[in-house]
Amino acid sequence: MPEPLIAKRKPCLETVRAGKKYFWCSCGRSAKQPFCDGSHKGTEFTPVEFVAQADGEILFCACKHTRTQPTCDGSHNNLSEKYEEAKADAPDAPVVQYEKVAGGALKAKLDNDCYVVRVPPEAMQKKGNMALYPVISGRDNAQFLSQYSVVIDAGTSPTLRFPGSDTVLFVLSGQGLVTIADRTFEVGPESGVCIKAGEAFNMSNSQGGNPILLNLSVCPECADPQWLDDMPMIFDETYAERIAAVDQAKAEKMADRFFQVLIDEKSHGTDVTQFIGQVPKSRAAHHRHLYEETITILKGEGFMWTDGSKAPVRPGDTIFLPLKQAHSLECTTEGGMRLIGVFYPSGSPAVNY
């Protein structure tokens, strides 16, 4: 079968209306991208009919190599050996300094509501053997996600629940047990955990002197947990397996970058996606996503760039990216950068525009 032409490298963002039919160009020859103008006539290509299920915005594939016709699946990232980088003559931007904010964290405020936050140990709020700090919340203009930085010392943490929200954990370091109702799961470094809406959980630190460090993300956004005296016997049997371990064999290629989805709608029936990513020393070209996202740096240093500013980032820093925020992440470390990301709505980390 003949190869389609690459009309554009990035997808086209289009507003659609519920019930309306659209005919997507599959050949790449149309002058009305991403839609058909009849230029396929005389070729083996035919347009693909798309009926919008609801009013909204859709990223239609423009590279014509998507596996999910007609929508973008990130295939444009693999059309070259290197992920698209910022041009050598791209203008520089001023460095934003970190400032202490209420609660004791350090925050670098970038364009719009984008920011990077660092949480010193003294800023953490204690609750039994658990210490936590809200790094992202509605107070920071997050619409869909909350996120906490959490430390659990020896013993079993208090039982907590975020009513009406899914909770997604990522263990940064340490080992222990997560209990949901009457189910117990072993967790270690770089484990993802999904707790479904309505369920409560606690975590036991089995190493004593070595604390468990983790990210705790909540969707829909919920500012404050419920602290419970007793564990409710609520467990969603639809998704019995709740642990997702990092496995290099499951990593997906994105040019010279890699990512592995740990938790998402397909695996755990949740509206959030949790993924781990690896990027080489480079600065990505500016791009946007149709989701609200948090990124925590696990390894490597660099800068988070937005429209007109940048902030230095290092391991432990968490970045908040509002929906459609133009940004690029730069890694300045020779060995590359490793990160954990969470975003809503669920999808592929490879999809950008």
Side-chain angles (χ1 to χ4, degrees), residues 11 16 24 48 50-54 56-61 63 65-78 143-147 162 164-171 178 180-181 183 185-187 190-199 201 214-221 234-255 257-278 289-296 321 323 338-353:
V16 297
W24 174 73
V48 174
F50 174 82
V51 181
Q53 299 302 304
E57 293 179 316
I58 298 289
L59 282 173
F60 287 98
C61 172
C63 76
H65 285 71
T66 182
R67 294 159 295 182
T68 58
Q69 296 183 356
T71 59
C72 173
D73 69 350
S75 291
H76 60 275
N77 296 304
N78 287 317
Q143 298 181 52
F144 307 108
L145 295 170
S146 307
Q147 186 165 299
F162 293 86
S165 301
D166 286 347
T167 303
V168 178
L169 311 179
F170 184 81
V171 180
V178 174
I180 308 169
R183 310 294 179 91
F185 304 90
E186 292 186 11
V187 293
E190 297 201 344
S191 298
V193 186
C194 182
I195 295 105
K196 301 291 290 178
E199 298 174 346
F201 69 98
L214 57 91
N215 279 359
L216 188 160
S217 304
V218 183
C219 180
E221 190 274 335
I234 300 173
F235 186 86
D236 185 348
E237 298 282 356
T238 308
Y239 301 93
E241 181 52 57
R242 299 305 182 83
I243 309 302
V246 173
D247 182 350
Q248 188 63 35
K250 297 180 180 178
E252 297 184 49
K253 189 174 181 293
M254 194 165 65
R257 300 174 174 221
F258 296 89
F259 70 88
Q260 179 192 346
V261 173
L262 301 175
I263 294 170
D264 66 356
E265 185 177 14
K266 293 179 182 177
S267 65
H268 292 83
T270 178
D271 289 334
V272 300
T273 290
Q274 180 193 69
F275 72 97
I276 191 161
Q278 181 79 29
H289 302 287
L290 289 182
Y291 49 70
E292 187 173 86
E293 182 178 21
T294 79
I295 298 171
T296 299
L321 292 166
L323 182 79
R338 196 166 172 81
L339 55 89
I340 184 71
V342 177
F343 61 83
Y344 169 92
S346 184
S348 170
V351 176
N352 56 50
Y353 72 102

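None of these values were measured; they are calculated from a predicted model. Heavy-atom basis, side chains included; hydrogens, waters and symmetry copies ignored.
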Side chain to side chain donor-acceptor pair (under 3.5 Å) contacts touching residues 244-254 (sequence neighbours left out): none
Do the non-hydrogen side-chain atoms of [X] and [Y] ever get within less than 4.5 Å of each other?
X      : Y      : result
Phe60  : Val48  : no
Ile263 : Tyr239 : no
Tyr291 : Thr273 : no
Phe275 : Phe343 : yes
Leu290 : Val351 : no
Glu190 : Arg338 : yes
Phe201 : Val193 : no
Thr270 : Ser346 : no

Main-chain N/O of Val218 paired with Thr167 side-chain donor or acceptor, under 3.5 Å: no
Whether Gln69 side chain and Cys61 backbone form a donor-acceptor pair below 3.5 Å: no
[atom1]/[X] to [atom2]/[Y] distance, rounded to the nearest 0.5 angstrom?
X      : Y      : atom1 : atom2 : result
Leu323 : Glu293 : CG    : CD    : 11.0 Å
Arg67  : Cys72  : CZ    : SG    : 10.0 Å
Arg183 : Glu241 : CZ    : CD    : 10.5 Å
Asp73  : Leu59  : CG    : CG    : 11.5 Å
Ile234 : Ile180 : CD1   : CD1   : 12.0 Å
Ile195 : Leu169 : CD1   : CG    : 4.0 Å

For [X] versus [Y], what's the shortest heavy-atom pair and its separation?
X      : Y      : answer
Glu221 : Ser146 : CG-OG, 3.2 Å
Asp166 : Gly269 : OD2-O, 4.3 Å
Thr66  : Thr71  : OG1-O, 2.7 Å
Pro220 : Gly164 : CD-O, 3.4 Å
His268 : Ala244 : CE1-CB, 4.4 Å
His76  : Pro11  : CE1-CD, 3.8 Å

Short side-chain donor-acceptor distance under 3.5 Å, Asn78 and Ser75: no
Residues Leu262, Phe170; criterion side chain to side chain contact (heavy atoms under 4.5 Å, CB included); working and verdict: CA-CA 10 Å; Leu262 301 175; Phe170 184 81; 3.8 Å; yes
All side chain to side chain contact (heavy atoms under 4.5 Å, CB included) counterparts of Cys219, not counting sequence neighbours: Leu145, Val272, Tyr344
For Glu199, salt bridge (Lys or Arg N to Asp or Glu O under 4.0 Å) partners two or more places apart: Arg242
Whether Phe185 and Phe235 hold their rings parallel, tilted or perpendicular, with breakpoints at 30° and 60°: parallel
Stepwise side chain to side chain contact (heavy atoms under 4.5 Å, CB included) test for Gln147 and Thr296: CA-CA 11 Å; Gln147 186 165 299; Thr296 299; 3.6 Å; yes
